[in-house]
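Nothing here was measured: the structure is a model prediction, and the numbers come from that model. Each chain gets a letter, A, B and so on, in the order the sequences are listed, and its residues count up from 1.
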There are 2 protein chains.
Amino acid sequence: MSNKPIGIKDVAGAAGVSVTTVSHVLNDVSYARISSKTRDKVKHAAEALGYDPNRLAQALRTQRSGMLGFISEEIATTPHAGRIILGAEETARRRGYHLMIINTSSKATDESRKADIAALLKGQVDGVLYATMYHRRLALPDNLNGVPAILVDSEDTNQSISSVIPDEAGGATAAVMTLIDAGHQRIGMINNTDDVPATHSRLQAFKDTISDAGLTFHTDLVEAEHSEVPGGYEAALRLLTRKDRPTAIFCYNDRMAMGTYRAASELGLNIPEDLSVVGFDNQELIAENLYPALTTVSLPHYEMGAWAAENLIDAIEGKTDLALMALHPTILDCPLVRRDSVAAPAR
Amino acid sequence: MSNKPIGIKDVAGAAGVSVTTVSHVLNDVSYARISSKTRDKVKHAAEALGYDPNRLAQALRTQRSGMLGFISEEIATTPHAGRIILGAEETARRRGYHLMIINTSSKATDESRKADIAALLKGQVDGVLYATMYHRRLALPDNLNGVPAILVDSEDTNQSISSVIPDEAGGATAAVMTLIDAGHQRIGMINNTDDVPATHSRLQAFKDTISDAGLTFHTDLVEAEHSEVPGGYEAALRLLTRKDRPTAIFCYNDRMAMGTYRAASELGLNIPEDLSVVGFDNQELIAENLYPALTTVSLPHYEMGAWAAENLIDAIEGKTDLALMALHPTILDCPLVRRDSVAAPAR
DNA sequence: CTGAAAGCGCTAACAA
DNA sequence: TTGTTAGCGCTTTCAG
C-alpha cells in the first residue's frame, strides 16, 4: 500500500505528541502513565499511517533481534527435517519471531559445527535450535554456552543443553501391541545395526512387550541389518524362510518394511493375510504408497519443532530457565498410525 | 572465545586511529586513501581483538540486512523443498547472506501470501525468494513490487518477476529417447490430469520425440490419472491389459511409476525384461528403493535454489537488472538418472 | 501525565 | 592521509 516508510516521528507528529509517548503506548510500557485519550490518539494515528516499527532499529536498541537460529542436519534429504522446521516456524511466527536457517551435515566436524553457530550468533539471533537427522547423543560446541539453545531430536552428552526427543520405547510398544492384539504369537523384529539410542530402546521395548504379554521372546526372531530397503529385504528373507517363520514382523523403520514387502512378495506371502508388518517413522511417501498401506509409528517431528521453538522463546523472554530442563530431555509421544498391513494370523 | 563484544571503537583505540579509518579499511572503501602502514595496524588490531562488526548496526545504517527472505510452499512434505533451500542457503552463505524462512501452502490465498511477504519485508530482508512445490504459473501479490525477488520453480503470470524453472521438455525428451535407444517401438505414457505446464510440455515432448524418431504416435497409448501411486496403478493396468500392450512406459512422475510397478507385478510382468519404465522427479526414496531401481529424470532443485540466490544477490548488489530477465524464465537442465528399469524389449 | 535527549554500533559526508 | 560528526529509527532514563 505504501512505499515511503513511516517512522515513529511521523506518528508522533500526526498525533501531536512526542516520540516517547508513541513508543510508550505502542509498547505498553508498564510504568508509563498516559491518559487514555492520548493513548487513543496515538493508536489511531499509528493505525491511520500504517506504522510498522523498524525491527532493525528496535533490535539494535534492545539487543534482541527476534530471530531464532535454526541449524538443521541434512535439510535436503528427508521430509522429516521439513516437519521440524514447519513446527518451529509456525510457532515462532505466532510468537513474533523469525527463523534463520543454516544447513549442516550429521557428519559435520566439531569445527564446522562451531562455524555454523558462530555464523548464526553473528547474525544476532536470540537463541538457537539445533535439529538432528535422527535421534542420537552428541556434544555441541562450546560457543553455544550462554546462548539459549535447544537440541531437537538428540540428547546432549553433557546434559547442559535441554532437548526434545521422541518416545522410542512407547512407540515400539504400541507397534508390538497392535500385533499382539491382532492375535500374533510368533513375532519377529528386523532391527538396525547402528549403535544409536533407537536401536536399543526399540529392541528393549520389543522384548518387554512380548514378555509382558506372556509370550516368549525368541532371540533368533530378531535380525539386524543396515537400515535401508536392501537390509530389510535380506533380514526379512532370513526370517521368512525359517521353518517356523513369524506371522508378523516389527521393522526398525519404514524403509526396512519396504524391503520386507519385497521379500514377502517374492516368497508368495500376502500381506497382511500371511504376514503382518508394522514399521516405524511414518515416512508418508513409503507408508502410504506401499500396497497394502503400512501401519507404522509416527515420529513427532512437527511437535518437537514446535515444542523447541516455544520453549526457546520462553527462555529468551525469561519465562523459563533452560538449565533446569537440561538434566532430562523432554519426551514426546510417538503415535501409532494404523493402515492396512496388520491382520489376524492365519490359523 | 570472547564474551564481551568488541566494538569498532575498541579497534580504533587499539590501533590508535579513528573509527572512520577502521571502518574504511575494514570495508575497503574505494575512495579512502589510507597508508598501507595504517591499514596493517588496523587489520592487526581487528584481528587481535577478534573484532566482528555488529550486523544489526551495520544493517540499520546501510539499510541492508544481509538477509534473504525465503518463502517455501509445503516445506514439510517433500525433500524437494529441502533441496531448493539447500541450494539457496549454501550459495547465500558463500556470498555472506542468510536465509529467513517462512512456510506457506500451495493453496494459500492471495491474502495470506501477501501477509507472508509483509512479514518478510518487515523482517527487513533485502530480497525474496519464492519457491513453489511444483512448476506452475501464478500471480504474486503486489507488495512484492519494488523488492528484488525471484520465483523458483514457477512462472509469473504477468512476467514482472524473473524466475527459474526446470526444462520439462528436455527432461521428457531424454526419458523417451532412452526408451527408443533401447529399441522400444510401442511406448506408452501415463500422464497427469492436472492442468499444469508439466502435463502439457511432457506430453508434447513425448509426441515430438516419438515422431522425430520416425515412430508413430498412438493416442490410445497415453492414459491420464491423478498423479499419485493409485492413479499410476490404474492407468498402467489399462495400458498393460491391452492386446497390443506397450513394451515401455514413460510415467509422469515417480509415484505413478511406483503404481506401474505394482500393476506390472500383478500381471506377472517383469521389469525391465517384459516392461521398461521411466519416471520423472527422481524422488530418491522411491526411485532408489523400487526394485528394480527406477530410471528417471531429475529435477534441478538444488540448482534452481542456487541460481535464484546467486541472481537475487547480484540484483541486490546492483550487478544485475532483474527486470531484464523477467521476460523469459531461466530454464535449467533436467538430467536423466539411469538405473535399472530400462532394457531392450523382448522379441 | 508527557517530553527532551542520550545513546545502541556503525557508516559516510565533510573537514582538516 | 585521517578525524569529526551527524545520523539510521528506535527505546528509555530523567526532567519537567
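The side chain of A/Ile8 lies closest to D/dC10, out of C/dC8, D/dC8, D/dC10. Of the candidates C/dA5, D/dT1, D/dT5, D/dT5 carries the atom nearest the B/Val19 side chain, counting heavy atoms from C-beta on. Nearest to the side-chain atoms of B/Ser35 among the listed nucleotides D/dT1, C/dC10, D/dC10 stands D/dT1. The side chain of B/Ser18 lies closest to D/dT4, out of D/dT4, D/dG9, C/dC1.
Using a 4.0 Å heavy-atom distance criterion, A/Val17 is classed as a sugar-phosphate-only contact. At a threshold of 4.0 angstrom between heavy atoms, the contacts of A/Ser23 include nucleobase atoms, whether or not backbone atoms are also involved.
Between the side chain of A/Arg61 and the base of D/dG9, no donor-acceptor pair under 3.5 Å is found.
For the OP1/OP2 pair of C/dG9 and a distance below 4.0 Å, the side-chain nitrogens and oxygens of B/Gln58 include no atom meeting the criterion. Remark: A/Thr38 is not in phosphate contact with C/dC1, judged by side-chain N or O atoms under 4.0 Å from OP1 or OP2. Checking the phosphate oxygens (OP1, OP2) of C/dG9, no side-chain nitrogen or oxygen of A/Gln124 falls inside 4.0 Å.
By the 4.0 Å N-to-carboxylate-O rule, A/Arg94 lies too far from A/Glu90 to be salt-bridged with it.
Here the side chains of A/Val147 and A/Val125 are not in contact, with every heavy-atom distance at 4.5 Å or above. The shortest side-chain heavy-atom distance between A/Ser154 and A/Arg137 does not fall under the 4.5 Å cut-off.
Note on the helix from C/dC1-D/dG16 to C/dA16-D/dT1: angle between the axes of the first and last five pairs equals 50°, rounded to 10 degrees.
In this pair, B/His301 and B/His80 present their aromatic rings parallel. The plane angle is below 30°, not in the 30 to 60° band.
Remark: the backbone N or O of B/Ile165 is not paired with any side-chain donor or acceptor of B/Glu155 at under 3.5 angstrom. Between the side chain of A/Ser65 and the backbone N or O of A/Gln124, at least one donor-acceptor pair lies under 3.5 Å.
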Pull out every protein N or O sitting under 3.5 Å from an N or O of nucleotides 13-16 of chain D, one pair per line with the distance.
none

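Under the side chain to side chain donor-acceptor pair (under 3.5 Å) criterion, A/Glu73 pairs with A/Arg136, not counting sequence neighbours.
Side-chain polar atoms of A/Ser23 and A/Thr20 form no donor-acceptor pair below 3.5 angstrom.
Between B/Thr62 and B/Gly16, the residue anchored nearer the 5' end of DNA chain D, judged by the nucleotide with its closest heavy atom, is B/Gly16.
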